[in-house]
Each structure stands twice: as C-alpha cells, then as structure tokens.
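Right, one structure below, let's go through it.
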Number of protein chains: 2
Amino acid sequence: MTPKPRKPTIDMVASKSEVSKTTISRFLNGKYEYMSEETKKRIQHVVDELNYRPNNFARSLKSNKSGLIGVVVADITSPFSSILVKGIGDFCNERGYQIITTNTDEDPSKEREYLESLVGGEMVEGLIVNTTGKNDDLLSQLGSQGTPIVLADRAMEHLEFDTITNNNYGMTRDTLNHMTESGFEHVAFFTQAMGANSSRRIRHEAYLDFYEYEPGDAPYVYEIDTNNSRAVIESIQAFIGQTQGHTRAIFAVNGVVLLAVVRGIVELGLKMPDDIGVCGYDDWEWATLVPPGISAIEQPSYQVGLEAAKRVIARINGSKAKAKVIELPSKLHVRGSTTLK
Amino acid sequence: MTPKPRKPTIDMVASKSEVSKTTISRFLNGKYEYMSEETKKRIQHVVDELNYRPNNFARSLKSNKSGLIGVVVADITSPFSSILVKGIGDFCNERGYQIITTNTDEDPSKEREYLESLVGGEMVEGLIVNTTGKNDDLLSQLGSQGTPIVLADRAMEHLEFDTITNNNYGMTRDTLNHMTESGFEHVAFFTQAMGANSSRRIRHEAYLDFYEYEPGDAPYVYEIDTNNSRAVIESIQAFIGQTQGHTRAIFAVNGVVLLAVVRGIVELGLKMPDDIGVCGYDDWEWATLVPPGISAIEQPSYQVGLEAAKRVIARINGSKAKAKVIELPSKLHVRGSTTLK
DNA sequence: TTGTATGCGTTATCAA
DNA sequence: TTGATAACGCATACAA
C-alpha cells in the first residue's frame, strides 16, 4: 500500500541519471548515434529501476500523433463487425496503433456524434468507418480537413475514400445463378429496409438485374422487420401463395435476415429445399447445423479489417494514392437448403 | 482543396474574439459565472466560425485525464465479448469516455503487452479486463500503482478488484437439477481446457459438487479440443459407450463447446433428447433453430458490461469501496433437447 | 468581469 | 557527445 507514487517523468530520470533530459529523450527515441555506451547503460538502468514510461499526452502534444485510430461500426454485436474489428485490431496493434471502437447502433446521429468527438480533439489519426450511409457530408468534410478515412464494407455515394468491400454484385449474381441451375423457378429477395446501406442496395440491384426486373415491378421483393416474427412469417406465406405449383427459394440479404427467414420456415414446418429453398448472406456458425444445412455466403470480414487498417495507416503515413474500391472475394457454401433432388 | 488548414487553437480563437485565452478557456469549460453576455456571444460566434475543438492532448496533459478506458477481452469475436463491449461502450460514451479495445486471443503474453501499453503511457484512466487468468501478478501491480481495474466475467484467484460475473455456480447447479428432474440418469461435463479460466473452473466445481464426485474420479468429464471434430465425436461416443441402457445428457461449459457438441451429435445422427440430451452455456441465436431446440443458459453479457463500466468510472472518480464480486443472474431456457417424453 | 504568467512532460533547435 | 531552452495547446493561480 504505497501512498500514491507519482508516475516518474523524464525529469526524474534525468536527475537520477545525472544527465539532461535531452539526453534521456534521445535515448528513449533510439538516437544512440553520438551517445557514449557509458551513459546509455546508466540511463537504461535508471529507466528500468523507475519502471519509467514516457507520457503519451506530452508526446502527442508535441508530435500531433496520438497512435490512435478510430473505428466506427454500425453494430458491434454482429459477427461481421466483431470479426472486422478483430482484423483491424490485429493489423493496427502490430504497427503500434491502438484502436478506439465506437458503436452507432445504425443511428446516424450517434454516428455523427462519435465522428465529431473522435476527430474533433485530434483524438485519432485516422478513421475506419462502417457507415450508416447518412453522414456522407460530414465524412466528406472531415476528409477534406485532412483526416485519413477508409470505409469498411459500406460505400458512400461518391467515391471519395478508399473503400474495402466484398464483391457484392458478383457474388449475388453467382448465387442466383446457382439457384437457377439447381432448378429454382422463382427466387424472392428478402431484405431489411435498405435505406442508405450500400451493400444491401448493390445486392438488390444484382438481383433485379439477374431476373431482368424493372426497379418498380419486381414481384418477389420483401422488406421485413426481423424483430417481428409474425410479419416475417406472413411474408414467407405471401411468397408461397404467389408461386403455387413452382419451385421457389428465398435469398436473404444478410445474416440477420437469413436467421429470421430460417426461423420462420422452421416455425411454419416447411421442408427445405422442397417446399422452399433458402440461401443468402452470411455464413454464420449455425448454417451447418440446421438441417439440411443452409447455403450461405461467407464474407471475408477479417480480411476487410486487415486491408482497411493497412490503407488508413498508409494514408496516415502520407500516401496520396487516388481513392479506390477494393473488392475482396467472398465464398458461397452450397448446402442442402438449395440442393433440389 | 484547401492547402492544409491548420487546426484552430485557443490562441486563434482568443485573438479573433479579442479577448485573452483565459477567457476562452473559461468559456469552453462552462465557467460563465462572471462573463458578460456580450463576450460570451462573441466567443460563441468565433468558435462556431472556426469550428474550433479543444485539443485533447493538451487537455489531458494538464489534467492527467485522458477520457479513455481500456478494455481487454480474450476473444472479441465471441458473442459474449462483443455484447460485453457494447454494454461497456454504451455506458462509457454516455459519461463522456471513449474505450480502447484490445483483443488478446486468449494469449497471456499479448494480454501482458496490451495491459502495459495501455496504462504505461497514462493512456487510459481505467481498465476493464476479461482476463486469461495468467497475469494476476501484473494486474495486481497495475492496480496497486493506482489504475482502477474491474474484472469482467473472469475472476482472479484473490479478490482484489471489483469483479462482475454471472452466477456460474448456482446456475450450473440449477441446470443440473433440471436435468435430473427431466429424467437424465447420467450427465457428462464437456469442457475446453480449463486452465486459469475462473468461469470454467467454477462451473466444473458445481458439476462435481452436484453429483458428489471426488475431483479426481468423475467418470464423465471430457476435455475436448473444439477445433478437432473427430475428437469431439469420439468423446461423445465414449460417453455413450459408458452409459448403455441409461438416459444421458451432455452439459457444455460454454457456447463454443455447445456448438461443437451439437455439431457432433448431428453428424452422428443421434436423436435429441432420446439418444442423448444436451444443454449448457451459451444461449446463442441458433439454439432455437436446431431441432428440437437446444436448452441453453443465457448470460447477461450486456449487463455485465454496463456494470463493469459503472464500477470503473466510480473508481476513477475516487470510490474507495471495498472490492467485491457482483453476480448477475443468468437464465436457463429449457427447450426440446432436455425434454424427455 | 478579464488578463498575465506559469506549468503539464515531451521533443527539437541550437549551442557548447 | 551533451545540455539549455523554447515550444506544443490548454488550464489555473493570482492580479487587475
């Protein structure tokens, strides 16, 4: 129970080692060029003895570098995000950065608040954002004021920042193609409200293109509220009603929707894939467990995180490369739910 | 494309408003007591115009407060952790703190590294740790040097810090009791290596106590490697072999084990609950989906996060209350997998 | 009601 | 090879 040992400062180290703090500072920053072995050793000794660590704020104040990267995700509890954050963290920590994670709950005003608070006080050197899509203006502004920004998974309307996503369009098309080849005559598109979410929109677009529907008149697009299981079930029933006598399947726009859909199908006692096929994003752990196995698309979240981190750090270090979109490959796992006998 | 607009400082605001920076500082900190409406307005105007935000490092350097709380979790990708982090974040953000999240991957040396780097440079004001259990010494040291620490979910050997967990012992006992009442004659305990993980150890202890087994000679304790599905299956078969002609069930020590066990059972084509019952931690989304529904224990991760955040912040604000363990209630969801007809 | 001067712990410039 | 000193941006004790 020591009373309250004040953290040692560079001055204490200096006086204990009987050199100036300039020398200590040199030592700490590895500038040994003109330093005698003698003093080097002495300093090392004192540093160890005091267990001295330089104060980050003083350093940051001087250098204008915090060693912090801000990460703004829409929903940290989704496997996509938590794996993304892990990828970001792994890369950043390796390079000596720490990450500040904030969770917007898909709420644009929270997003706004966090963005402002993170860059406002010079807190972070760069930003990785999984945006709600409703703060393009603010992001633009922050970017033009000099904060390096990288978008993860969801793009902005105008390409302005490096954007790491997966090949949403191509993968959706390939999956629908697989459905056709499997023999499904009608495929519905189940989605949450698409709002400004670019991934959802692109998947939707790929769906419309594949079946050559006009935007206004696609018969089997269902926007569902995943928290309302009754409504989900009703949508499934409506789709079935519209496709009597045909083979049919549901494509889920994301993992949450896929879960809700499968839940509904199980509840209705329908048999997959004969009564109805199912596939979609995302390939979460349970997809193999529910008989007959749910076909699902695995996104490279971890790699997205890694790549996003790599790009912000490059920008922080001065890269002026033109902003570009990087599409990482995802993977369709075909299972029983889309395998018609 | 403005060239590079330097961030405004308090000095710029001062000169533009034609008052001293002291007055600006007062204004920024809401000390309006003796300030004329006139200057107040003028300053407000300039602040808005310049879009000025005080520099956090300078503030931190002065005040020795970073507004940052460090969160060290063992595995951010597990639902338990990501929900925990969300709870922590929600509470902290509300109180004006940001959180720095680090992920140890259950690796004690990474944990050590992050702990040191987080508190080392005065970076964080407090720490919430979901510890691997292998750094008790370091945690002790950091704590005694003045860093407020709260443990989330996993306790240390000696009670030294506030520890927020759920009622592991009681819940395990209650669940086993439910199994007995359901008619299961033998219940196995499936676990990952227990190591220094306090939650696993406590659940194990509750199991031994319930069946009055001596620590050394519990016949149905299986330590499995969840990545090795063959081995998992062999353990299940071994258990079945030992209990021919009896009703039996498996208790899984956590969500990862539960998943592996269910996967094995499905693969073996066994019927739940008749061939074998299943229950355990954790109640993740898929538990209702796998027929006949998997009985599972839901942990209050979010509340653990909230409470942990509340405690660190209280400590940061000077609370000297004696360290204590807070056990939050968890909930057993009984489903088909433990309902013998 | 407002301003002056000093210090927080570092790093960098210049001089020795 | 080393040291004195100024500066980073802000908050505060003390003066006015």
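Values below: all heavy atoms of this structure, side chains included; hydrogens, waters and symmetry mates excluded. Please read these numbers as outputs of a predicted model, since none were measured by experiment. Letters A, B, ... mirror the listed sequences (proteins, then strands); counts begin at 1.
- When heavy atoms are screened at a 4.0 angstrom cut-off, T39(B) is found touching the sugar-phosphate backbone but no base atom.
- Between its opening and closing five pairs, the helix from dT1(C)-dA16(D) to dA16(C)-dT1(D) changes axis direction by 40°, a value rounded to 10 degrees.
- When distances run from any side-chain atom of D11(A) to the nucleotides dC8(C), dC10(D), dT10(C), the shortest one goes to dT10(C).
- To the nearest angstrom, C1' of dG7(C) lies 9 Å from CG of L61(B).
- Of the two residues near DNA chain C, N55(A) and T23(B), the one whose nearest nucleotide lies more 5' is T23(B).
- Comparing dA11(D), dG3(D), dG9(D) by their nearest atom to the side chain of N29(B) picks out dA11(D).
- A donor and an acceptor atom, one from each side chain of T22(B) and S25(B), are nowhere located under 3.5 Å apart.
- In this entry the distance linking CZ of R26(A) with P of dT1(D) reads 11 Å, nearest Å.
- Counting to the nearest Å, the P atom of dG3(C) and the CD atom of E18(B) are 10 Å from each other.
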What do the steps show when you test E122(A) against S66(A) for side chain to side chain donor-acceptor pair (under 3.5 Å), and what is the final call? CA-CA 8 Å; E122(A) 309 270 283; S66(A) 64; over 6 Å; no
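- One finds no side-chain N or O of T9(B) lying less than 4.0 angstrom from the OP1 or OP2 phosphate oxygen of dG9(D).
- For a distance-only test at 3.5 Å, the side chain of K62(A) qualifies as a donor-acceptor partner of the base of dA7(D).
- One interatomic measurement links the two molecules: CG of L50(B) to C1' of dG9(D), which rounds to 15 Å at whole-angstrom precision.
- Y52(A) comes within contact range of the sugar-phosphate backbone alone, with a heavy-atom separation under 4.0 Å but no base atom that close.
- Only one option out of K324(B), R315(B), K310(B) pairs with D162(B) in a salt bridge (Lys or Arg N to Asp or Glu O under 4.0 Å); it is R315(B).
- Between the CZ atom of R42(A) and the P atom of dT1(D) there is a distance of 15 Å, given to the nearest Å.
- Nearest-nucleotide mapping onto DNA chain D: of T22(B) and F57(B), the residue sitting toward the 5' end is F57(B).
- The side chain of K21(A) contributes no N or O atom lying less than 4.0 Å from OP1 or OP2 of dT2(D).
- Among the atoms of the strands shown, only primed sugar atoms or phosphate atoms (P, OP1, OP2) are found under 4.0 Å from some heavy atom of K31(A).
- For R59(A) and dT11(C), the shortest distance from a side-chain N or O to OP1 or OP2 is below 4.0 Å.
- Protein atom NZ of K7(B) is 17 Å distant from nucleotide atom P of dC8(D), rounded to whole Å.
- For L28(A), the listed nucleotide lying nearest its side chain is dT11(C); candidates were dG9(C), dT11(C), dA11(D).
- Which of dT11(C), dA11(D), dT10(C) sits closest to the side chain of I10(B) comes down to dA11(D).
- Remark on DNA chain C: of its neighbouring residues S36(B) and R53(A), the 5'-side contact belongs to S36(B), judged by nearest-heavy-atom nucleotide.
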Verdict with reasoning, T165(B) to E327(B), per side chain to side chain donor-acceptor pair (under 3.5 Å): CA-CA 5 Å; T165(B) 69; E327(B) 285 198 351; 4.5 Å; no
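- A straight line from CE of M123(B) to P of dG9(C) spans 17 Å, rounded to a whole angstrom.
- Distance F27(A) CZ to dT2(D) P: 12 Å, rounded to the nearest Å.
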Kindly indicate, with the supporting measurements, whether the criterion side chain to side chain donor-acceptor pair (under 3.5 Å) is fulfilled by Q98(A) and T102(B). CA-CA 8 Å; Q98(A) 292 290 356; T102(B) 60; 5.6 Å; no
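- Both the sub-6.0 Å distance and the 45° axial angle are not jointly satisfied by K40(B) relative to the ring of F27(B).
- For dG3(C), the OP1/OP2 oxygens have a side-chain nitrogen or oxygen of S20(B) closer than 4.0 Å.
- To the nearest 0.5 Å, atom CG of residue N135(A) and atom CD of residue E111(A) are 4.5 Å apart.
- The closest donor-acceptor contact from the side chain of E125(B) to the backbone of I316(B) lies at 3.5 Å or more, if one exists at all.
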